[in-house]
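What follows is a short report on a single structure.
All values derive from a computational prediction rather than experimental measurement. Below, chain A is the first sequence line, B the second, and so on; all start at residue 1.
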Amino acid sequence: MSSEPLLRLEGVYKRFGGHAVLNDVSFAVGPGEIVGLVGPNGSGKTTTINVISGVHRADAGAVVFDGRPVHKLPTFRLARLGINRTFQVPKVFRDMTVRENIEVAAHFGRAHDADVGAILADIDLAAQADQLAGSLTVNQQKLLDLGRALATGPKLLLVDEIGAGLNPAELGGIATLLQKLAARGIALIVVEHLLDFLNRITARVIVLGAGRMLFEGPLDAASRDPEVVAAFIGG
Amino acid sequence: MRDATFMRWARPGAIVLALLAGAFALLPHVYGNQSLLFTLMTFIVLAQGLNLLYGFTGYLPFGYVGFFGCGAYATSLLVLHTHLPVLACVAGGGLAAVSMALVLGPLLRLSGAYFSIASLAASQILYFVVSNTNLADITGGPYGLKIEQVYAPNASYFSMLAVLLLATALAAYFRASRFGMALRAMKQDALSASMAGIDIVRARLITWLVSAAIAGLAGGVYAWNLSVFYPDAVFTLQISVFAIVFSLFGGVGTVVGPIVGAAVLYTLYSAIGISTPQYFQLVYGLLIVLLVLFLPGGILSLFSRRGIRVF
Amino acid sequence: MELLEYAIIGGILYGIFFSLVGIGLNLIFGVMRIINLAHGQFIVLGGYAAFLVSQHFGLNPLWGIALSVVGAIVVGWPLYAAVVPRLQRSGDPEMLSFILFFGIGQMLEALTVLGFGADQRSLPGDALGSGNLGLLGQEFPDSWWVAAAVSLAAIAGLYVYFSHTKLGYATRAIMANRDEALATGIDVRRVSAIAFVAGLALAGIAGVFVPYLLGSVSPDLGDGLTTTSFAIVIIGSLGNPLGTVIGGLVFGLGTMLMQTYYSSWSNVVPYALLLVIVLIRPSGLLGKAVRLA
Amino acid sequence: MSLLSLQGVESGYGPMQILWGIDLDVAAGETVLLLGANSAGKTTLLRTIIGLLPCWRGGIRFDGERIDTLAPDQRIRRGIAFMSELGVFPTLSIDENIALGGYFLRDAEVRRRRERLFELFPDLAAKRRDAAGSLSGGQRKMLGIAKVLVSEPRLLLMDEPSSGLAPVFVKQVIEVLKTSIGSGTSLLIAEQNVAFLALADRGYLIDHGKVRLSGTRTELESSDAVREAYFGL
Amino acid sequence: AGAPAVIKIGTLYASSGAFAVASQGQYEGLQFWANAVNKDGGLFVKAYGKKIPVKIVAYDDQSSTSTATSLYNQLITQDKVDVLVADFGSVLTSVAVPLAAEHHMLLIDPTGSGANFFTKKTDYLADVSIPSSQVWPVPLGKFLLAQKIKRVAILYDANDFDASQATTLKDVLAKGGVTPVYYHGVPTSESNYTILLHTMAASHPEAVIELGYPPNDIAFLRSLSQSGLHFDMTFTIFPGQLLTLLTKNVGAKALAYTYTYPTPPLVKYDKVTYGMNTAEFVQAYNAATHKEPNFLNAAGYNTGIVMQDMLGTAPKFTQLDFHQALMDMSGKTTTLLGPFEINANGAQLGQPFPVAQLVPEGDGSKVVVVYPQDKATGKPVYPAPHS
Ligand SMILES: Nc1ncnc2c1ncn2[C@@H]1O[C@H](COP(=O)(O)OP(=O)(O)OP(=O)(O)O)[C@@H](O)[C@H]1O
Ligand SMILES: Nc1ncnc2c1ncn2[C@@H]1O[C@H](COP(=O)(O)OP(=O)(O)OP(=O)(O)O)[C@@H](O)[C@H]1O
Ligand SMILES: CC(C)C[C@H](N)C(=O)O
Ligand SMILES: [Mg+2]
Ligand SMILES: [Mg+2]
């Protein structure tokens, strides 16, 4: 672990209406590290990602990236700084081809060395490169989201449930890919409900429950923690 | 890579520009009602200007006419109160429209119908303010303005042609450039586009200003050509509606679509209006309904349906 | 002070009527994503329906309501069948409807001119009661009260329909997500057709009162009514009938107060309010923000 | 006799054919699993059965009756329900969403069943008056499940009911489905979660729009094709 | 040059929009004239020394000034009409004024009376069938002063015509030392007068003057009759021009005891120097169309008559000669609309309208001219009784 983390959340709060969705969330991620973010449905995982990627602004607390506070920057600046993400409900440019989807990000993400062909191969959509993105299946669209994120040359990648709906064989492919990305030095926060999958790629998880941090540490310890078991895994 | 895409469109762009310039330079010699040709150009410009915004960003401004009127008034007031040459006054009209667009910039926070209607509201407010009796000393109020001293049908005709070429060139640029690609991406998913590193606020604002400038210039030249006009002549919503209908009819998001749409529908409009005035509206309405039902993708869909990519 | 009270009560009555003017547009847009640019022309037709029953059949103009409803069914159902499914199969129904209904509006306007002539028509002033009903000492023509009452009844009906009937839920479900509505077993075509006809009928009913509230009816009123309706609907939020009532009240009160104190600026008010409102609340007064991601 | 039976079904989007002659049966009371890789055509198949996509060729029978030309609502009236992958009505409240699931039932009946479902999904109960659009991904999924269960259909088509659900809820959903099965509902589920295998009587392995393999659960579990395509072993 | 086979008269009319009723009336009057002339073998053209039939080339401008602009252009540049006649009213006339001047065409302006058309000398404009608004309201102002009415409320529509009516009226009153207690403009599209009436009432006027176009007058009078308000004197313009339309729309009861400018055929001119007199016109029009003519029909016909006289005297077939012919006729001609008197700016100074009150009679109303004295047929009922 390097001395200075790439990303640090400091006491982040977020409410919607009267409902506190994030409640004093603090954690840090180092370069090249994979962190699992888990928790029951509605516990605030996506919201955490939304706050880090600038989709929502935290009501209180700070997000520090590469040593500077970034929680007031607009999304496109974060993207250019190297924070990117996928969406739980994929959001591709439906009327553009798969290739164009990636080209846009390669150009505007200011990562001029992005190799579109290599990214297409990584996300396994080379065969569909000239198809319209809208005709992909939901799962393929999630991969395309990932490709779009990769094209901006991210340092931190937030991956929201990319494995949901994949079978074990396909999950294996994704796991390999994510590990490869981490090996390139990209830090990853991976939201996933499938513990076996997480287990393959990381030892460290953060467990959210109703917007609070229930647990932070190794995954196997988490699955023995009674609070985590009750809220997330079930008996 | 940039050059490759650019070159792909540079040629068709140049061809379209040359055709337009040639056609409108020659037409007055063939057909004497120059004011009709002038109005036709005006509507092509407006359809194209609207296309720049709507076709490329998906923002449909019902109140597009507001910029047109703004340009018309600014130009006329400059003519009346300064000694600038007319063309400078027209440029001032374009600038006024851009300033107005800048003031109205916050409207871009809205989306869909909310944006459309809010822009309509803005144009109505402009209209009501300009035509208010209490401001008659400044704006001429409901009694309109007269700038007969600069009346020059030929010069204004060719100025409108210049604006038309400018608008078309801009559309070609939007169609061909990376900037245009960013706009298309934003139109489909703004959040994703900003995650792709696009400054959507800035890109949208630029497009909005450019589109306003075109309408403002057109309004300025139009006022110059009319030289006597009432506020409703340059603020009537009919102008917005025509611009929208014409460009949609031709096919938005393309360069030639709005040109073809406006040319066809406006020619029909004047032909019917002049030959069968009694049933004019009925025939015109019916034609539009039939065209939409049987040609729902606009005229250009005739081509794109056959796999021809339209410029 | 007296003027103020008068303007407020007048504004409320006028505003309630204008809620009715806008509500049909809201319904059709919400359900079908169709921009009914001919909305105002349909309202005008309602005005002529009242004119017809009262001048040619010697009935009370209120029978124009019945005629409007029948007319909406007779005209609206075939129109729906001819136009809407085709629109919805196209790439961008919302925008296409814009052109299509522009054409329909042109035709309707031409047909009303051919059928009724271009001049203003008005209705016997005393057909809806010749007196003046007072509230808090402020008197307004009976016809205003009748118009407001009918408007309230129509809007309440629509509200109950939306929030307490299956068909109403289904209507809103289609507004929310058409594909999912199909997957849930809703007969989307039937429900949409009903909403379409209801939207036209509401426009027609509003039209019946136009000769009273606006002095007379003439074929060229259509576009202005469409624009005003759009403003009212947007102020209150699309797809929300209560919002339209609020939109109507904002419009009515704003106009009347301004007319009392700065009459020459009264036409600016509704639009200025609209701008302010949407800049503060980008999806109207009762609009809800949607979750982006 | 089978409740649902497909013979040679072909279908696709616009000009693009996705399904190439699918034969498939679901008997009354049976639970059938659709397996298959990403983009094999599982969703397409379910959408064709319910009628959201036209059946180009072949036939679909439900309870002996040809239904492939009926509109979706007609099919649903006959006792089929469909849970789509992502769909809810975002601007309607949770209560209203569930009520629409029981579109063909009496209101009182819907209310009774809804309260029972809320016991299973307390998260939903807590937000019952909120717009469904504010829910998290997994909460939407729960709502989608509640929405189809409320109609107590004879045949339930589910597209990936567990994806995006936390393990604790996956377990619950399986319990609920067991109860439905117990009361006679037939299930056809496209699902990738291994845990669901335990639920199934039979299964089909779909590959590039064709049935590659079908059989009982034990047959599938021991099939090399499944082990390879599904578990990647 | 050889004589043309027909004389082409180009004009516009509005089949829809705010000016439709009046515009069509004027157009029908013109057509009536043309039919009569052609039945007679055409009109005599001095320049060619023979009778030539006329042909009206007309387009529909739908009351829109921008449509009108391009149609006037069409008439001038494409159809190359010999005589250009404007559409009804100031608004639709205004756009033709500079166009005609630019193309050196004489614009025959039947009813566009807005004062600001006539601010400088021109050879290309002549108001032929209605008094200029610079002089038109003078009798009304004098009547108010003569009645010793001190509290006058004036509500006008903001357009060239009504605004110049209001200005002139205000000036006349000012000379008599009267300042209006209420003086406001509203948009010409105004249709809702309920609140405005109450605001006016709050200024306690003795006379309420509403200056508008037909839709305004209708809405105003209806609102007034439904409002429960009552003024001692109420004046509107159009009952005197379109009495049938107004009666149909607002009812005779609402018109009772209100004032207006009565126009031919409601007032009649017996002795004319050219064409039919008012009574003959009514009869002939009735016979030809089976309709009672209104003022606009008369104005349209009058426009024809004036052109007929003009072409019958102009020595050469040029626009400047036409204009000179009109100037020569000025002061020497009387038609069914009264004495024809035009100045160098093109303004009509003759054809004055008196002030009259509509007194209930049977189901309708009787027009009682109350001012000026020499034309009066009765005394004003002031204050107006409650109905
Ligand atoms: N709307 C559409 N238009 C065109 N093609 C589509 C559309 N939706 C899906 N497809 C294509 O149909 C094929 C089958 O997709 P389908 O959604 O049925 O797969 P699936 O088996 O459900 O996959 P997954 O496990 O990813 O959900 C894919 O190749 C996909 O690209
Ligand atoms: N924009 C919003 N408006 C209102 N409520 C919201 C909004 N976004 C999130 N919420 C609420 O915040 C809570 C947390 O949502 P979030 O999407 O972060 O959950 P999650 O942990 O990602 O769940 P899942 O695993 O189901 O995706 C939920 O209860 C959700 O309803
Ligand atoms: C007939 C007249 C009342 C018309 C009026 N003179 C106008 O200028 O519009
Ligand atoms: Mg989530
Ligand atoms: Mg699928």
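Of all heavy-atom pairs spanning Thr152(A) and Met195(B), the tightest one is CG2-O, 3.8 Å. The minimum heavy-atom distance between Ala79(A) and Ser194(B), with the atom names listed, is CB-O, 3.8 Å. For the pair Arg148(A) and Ala196(B), the tightest heavy-atom approach, listed with the atom from each and the gap, is CD-CB, 3.9 Å. Scanning both residues, Gln188(B) and Phe93(A), for their nearest heavy atoms gives OE1-C, 2.9 Å. Considering every non-hydrogen atom in both Asp189(B) and Val92(A), the closest pair reads CB-O, 4.1 Å.
For Arg77(A), no part lies under 4.5 angstrom from a heavy atom of chain B. For Leu78(A), no part lies under 4.5 angstrom from a heavy atom of chain B.
Within 6.0 Å of atom CZ in Arg68(A), 12 or fewer heavy atoms from other residues, nucleotides or ligands are found, so the atom counts as exposed in its surroundings. Environment of CG in Asp124(A): sparse, with no more than 12 heavy atoms of neighbouring residues, nucleotides or ligands closer than 6.0 Å.
The shortest side-chain heavy-atom distance between Glu100(A) and Arg184(B) falls under the 4.5 Å cut-off.
For the atom pair Ser192(B) OG and Asp145(A) CG, the distance stands at 5.0 Å (nearest 0.5 Å).
A donor-acceptor contact shorter than 3.5 Å is absent between the side chain of Asp199(B) and the backbone of Phe76(A).
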